[in-house]
Amino acid sequence: MCRRFIIGLSLLWLLLVVAWSFMTTKEIKGLSEGSAFSVTNLTKRLHSQMLGNLWHKDELIDVNGGWTRILDKRMCNGALKLNNGYISRVMSRTYVKGAASRMNSLASLCRKIGVECLFVMSPSKIDVKKSLLPVGGPAEFSNDNADAFLKLLTDVDVVDTRKIISATADDVTRYYSKTDHHWNFEGAFKAFQTIAPKMLSMLGENADCANLQQLDEKNWDKVGLGRPFLGSVGRRTGCWFAGMDENVSYLLPRFDTELSIMIPRHQMFLHGIFRDTWIFRENLATPVSWQQDRGYSVYGHDFPEMFIYNSRAPVKKRILIIKDSFAIPVYAFLSTIFSEIVVFDLRHNVSVDVGNYIQSFKPHLIGVMYGSGVLREGPMFGFGDCKLKKTAIVKETRQLRIAAKPSMYNCATLTGNLKPGSHVSCSVRKIDITEGGARFATVALYERTRKKIIVAHYFEFGRGAPQTFCADVPNVDGCYQLVVFAGERGKTAGNSVVLHGVSLESLEKLTDE
Amino acid sequence: MLFTSLEFLFLFLPVTFGVYYLLPSWKGLKNYWLLFASLVFYAWGEPTFVFVMLLSIVFNYCAAVVISIFKDRLHIARLFLWLSILGNLSIIGLWKYANFITETIRAWFPALHGIVPQTSFVLPIGISFFTFQAMSYVIDVYRGTVGVQKNPFFLALYIALFPQLIAGPIVRYSTVCDQIMSRRTTWDLFSSGVMRFLVGFSKKMLLANLFAVTADKYFAARELSVCGAWLGAVAYTLQIFFDFSGYSDMAIGLGRMFGFRFLENFDYPYISKSITEFWRRWHMSLGSWFRDYLYFPLGGSRVSSKMRLVFNLSVVWFATGVWHGANWTFILWGVLYGVLIVVEKLTGLPKRIDRNMVSRAAGWFGTMFFVILGWVLFRSVNLASAKCYLGAMFGFGSCGFLDDKTIFEFGEIKVVLLFGLLASVPLLDMVKSRMNRHPVLQDCLHAIGGVVLILLFVVGVSYLSMNAHNPFIYFNF
C-alpha cells in the first residue's frame, strides 16, 4: 500500500513538474478557444503548445545536433553542413516568373513617375559555383532561382551582390556567419560599398560622392559582439552540430552622425548618434535561450516600417527600401549617406499600397533588396496595382496651431470624411513645438465611429526638411479623418505645436492611362 | 496517439500511471480506469473511430455469451461462431477492404460503374489487431479453452488495452484473462517494463526513424542506380524491423508496468537461415494466430496429400498478405512467402541448411535476399512502382551501378546502419548469457545498460523536440 502511494505520488509529481512546465494556465484555457472547436483541433493545439514550451528545448536541440554529429551526418533538421563546415538551409526550385513580372511592373511605374528603381540581389550562402555543396548531396537551387529571376527582369537596374560576396568558397567563408544564413556585418558592408555608389550614380550625384568617407572601411570601427552567437540555421541544429560563431563583430562609424529613427508601429522614436540609434543593445546581450539569440539583429529587427532621417547626410535624397532580413545592416550603413530613408518589409502587413505610396511620397530612388529565398509571387512582391494615378490637392493650410491643453489627447483635425479606399498624404514644410517637452507630433489616420487609430506616423519637431505621411484609407465604411496630436499619443498635455505649410493630397485614378 | 509523442510521454502516461497506482484494487477499479484511459488513447486525434471499436466489443461480447449459453448444443454454438466470424470479417471488410474491392471491380468491369460506387472509408487505426484479438476470444470460448468473460468492461479492457491496441502484439485472451481479474505489479516487473519500454523507444526513434528518411527518399525517387536501390531496400528492411519490434517492445514494457505479461513478438528475425525460420521469428503473434485459427483448422501439415498441404499453405499466406493491407502489393507479398514456404516444406530445405557453416551462410543470404525483395513489394505504392524498383535493383534503372547521390546517402546513414546491423543480431543477449556466471559483472552491465537507455531516451526526446520525421508503419494494419 505504502509503495503504491509512493509510486503514484512520484508520478503525479513528475506530471506536475514536466507536463505543467509546458503550458501556463492561460495557455491551457486557450486550448478550448477558437472558432472551429473539435477534439482533433484540441489535440493539435495541445501538441503545438507542448512542442513550443518544451522543457529545456535548447539543450535537447543541442543533444540532437551532437547526436547527428556522432552519426557523421551532414543533414540535421533541414540544415546542411557545407564543405567548409558552415551550415546552410537547402533551397528548393522556385517558380520565379510571377515575382519577376511584379518587379517589372514596379520598375515600369517608377519610370513613368521619374523615380529610379534598383533591384539588389542578396547573395546565397552557397557559392555560385556550388563547390561548397557535398557531391551527391541534396539539390540546392538558391543561385539557380536568383539567375532565373534576374534573367526575367527587363529595364531594371540590378546590383548582384553574389558577384562580390559568394562568388567563391573563400568569399562565403569570409563574409558569412557559420550558423546563420545571412551574411555577416563585414559582408553587408562589402555589399554597401557596391550598392551605395550605384545608387549615387543613378541619382546623378557628382563624382565626389563616390569618395565619401562613409564608403571607406577605415572610417568604421569593428566592435566585437563579445559573446558567441547562434544564427537562425544554428538554432535548428543546436551548438554541438557545427559549433557557434565566435568573434562576430559589428561596425560603428568614426565620423559624426545625427540620426532620427521612427518606428511608429512599435511606438519607438530614437534620436542621436549612430551608436545610440542603430545599435539595439538588447540584442547584444547573451540571450537566456539560444532560440532567442538575435545576434544578427544588432542593427534592428525586421520592423514592418521604419523612417530614418539623417540631418548630417552628405546626400539630401529620399530613398525607399523594400527589403527582407538580408538588408538590415545595409540600410543602417546607407542611412549615413542619404538624408531620408523609408524601409518597408512587406512580410509584416505594411499599412500602405507600395504603388500608391511612391506616387505620393515621391522618393528619388526605390531599392528592392531581396535574397533568393523570397523570389516567388506572394506578399514580398505585393506592390499593389502599380497603376499611374493623378495627385489631387485636397487642402492647403499655411499654418495650423494646436494650443496647449491639459488633455492627454490634445489634437487637431487636418481633414475629415476621407473616402474609404482612397489614398491620402499629408506633408508639412516645418513643425515646431512652442510649449512643452515633446520631441515629435503624431499624425494619424483615425476612424471616429470605432474610435480607432488605423495607422500613425511621427513628425519630428524642428527638422529643416519637409515631412510626409501617406496612408491608404481602408475600403470599409467608416468616418475616417486625419488628426495631429501635439506630441506622443496619450502624452500631449501642456504641449503647443505649430505646423507650417500643411498640404493634403489624394490620389485619383486616371481615366486614360 | 503514438507512444513516441510528447503528449503520450509527458501527459497521458504520467496521468494514467498516477491515477492507476493511487486507486485501490477494490472491485476492479484499476481495470475501469485502464479501460477509460485506453479509450481516450484511441480517441486521441480521431474520436469517431472509437465507436467502431466499441461496436466490435459489444458484438463479440454478445457472441461469446450466446456461444457459452449454447455450449451443450454444438450446432447452435457453431452457428453463432460462424455468425460472429462473419460479423468480424464484415467490420474489417467494410472499413479496410471496401475501397480496394470497389476500386478493383470498377477497374476490371467499367460497365459496372453505375452499379458499384467507389467507396471512400477511412481506415480506423489498429482495426486488424483488435478485430483479430476479438475473433480469437470468441473462437477460444467456442473451443472451451477459455471461459466466457461476463463483465463487458473487462472484455473491453482486453480488446482495447492501450499498450497493444493499435499495433499489437496480438494478445490472446488466454494469456491475459487471469491477469485482468487479478495481477500484482512488483518492483522488478515494473522496472523491467520501464527498461523494455526504453529499448523500444530507442529502436523506434534512433534507428527506425533515421532509416525511414533514407528509405522514403529512394522509394520516392524516379531515377535509381543499382546500389541506390539496394541501399533504399536495406534501409526499409531495417526500418520496418525496428519500427515494429520497437513498438512491440514498448507495448510489452508498458504492459509490464501495469502488471500484464504479454508474449514476445520478435526474436531476431534477420538471423534466420530459412523463410520458415524467419516467420517463426517475425511477428510471432500473427503467425501463431494464423496457425491456430486458420492453418490447423484446415488440417495443417498433417494431411494426406501434398496438394492439400499446398492448398492450406496458400490460403494461410494469401490471408497473411491480405491482412497487411488492401493492395495488390500486399497480396503478392503474401503469395511470394506462400510459394517460398511451400518450396521449403516440399524440399525439406530448412533441415538441410543446418548441416554445415557454408550451407548456413548460403541459407542466410538466400533468406535475406527474398526478405528484402519482399519488403520492396510491401513498401511500394503499387505493382508498377514495385516493378520499377525491383528492376533498378537488378540493373534496369537509369542511373547505372553507383551514383553520387547513393555515395552521399550512404555517408549519411553508415553509422546508423552499423548500429542497426548490430542491434539486429543477439549480440547483447550473448554477452548477457556469458555474464550469468559473474554476478558482479552482470550487475555492472545492468547499471550501465540503465544509464545508456536513459541517455538514449534523452536523444529520442530530442528528435521529438524538433518535430522530426516520425512515421509509424504498422498503424495502417
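We use all heavy atoms of the structure for the numbers below, so side chains are in, but hydrogens, waters and symmetry mates are not. Sequence lines set the chain letters: A, B, ... in the order given, protein chains first and strands last, and positions in each chain run from 1.
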| Closest non-hydrogen atom pair between B:Leu210 and A:Leu71, with its separation | CD1-CD1, 3.5 Å

| note | Here the pair of heavy atoms bringing A:Leu46 nearest to B:Glu7 is CD2-CG, 4.4 Å

| chain B contacts, top residue of A:Thr68, A:Ile70, A:Val63 (heavy-atom pairs, under 4.5 Å) | A:Val63

| query | Considering residues, nucleotides and ligands other than A:Phe141, do more than 12 of their heavy atoms fall under 6.0 Å from its CZ? | reply | yes

| note | Value for NE2 (A:His47) from CG (B:Leu11), rounded to nearest 0.5 Å, stands at 12.5 Å

| request: Output the distance between atom NZ (A:Lys73) and atom CD (B:Glu409), rounded to the nearest 0.5 Å. | output: 8.0 Å

| In this structure, are over 12 heavy atoms from other groups packed under 6.0 Å from A:Lys130 atom NZ? | yes

| query | With respect to chain B, which residue among A:Arg74, A:Lys44, A:Lys57 yields the maximal number of heavy-atom pairs within a distance under 4.5 Å? | reply | A:Arg74

| task | Write down the atom of A:Asp72, the atom of B:Glu412, and the distance for their closest heavy-atom approach. | result | O-OE2, 4.4 Å

| task | Using a 4.5 Å cut-off on heavy atoms from C-beta on, say whether the side chain of A:Leu60 contacts that of B:Val461. | result | yes

| request: Find out whether A:Val135 and B:Phe408 are in side-chain contact, i.e. whether some heavy atom of one side chain is under 4.5 Å from a heavy atom of the other. | output: no

| Given that the side chain runs from C-beta out, which part of B:Leu417 has a heavy atom under 4.5 Å from chain A: side chain, backbone, both or neither? | neither

| query | Which region of B:Lys414, side chain (C-beta onward) or backbone (N, CA, C, O), has a non-hydrogen atom less than 4.5 Å from a non-hydrogen atom of chain A, or is it both or neither? | reply | side chain

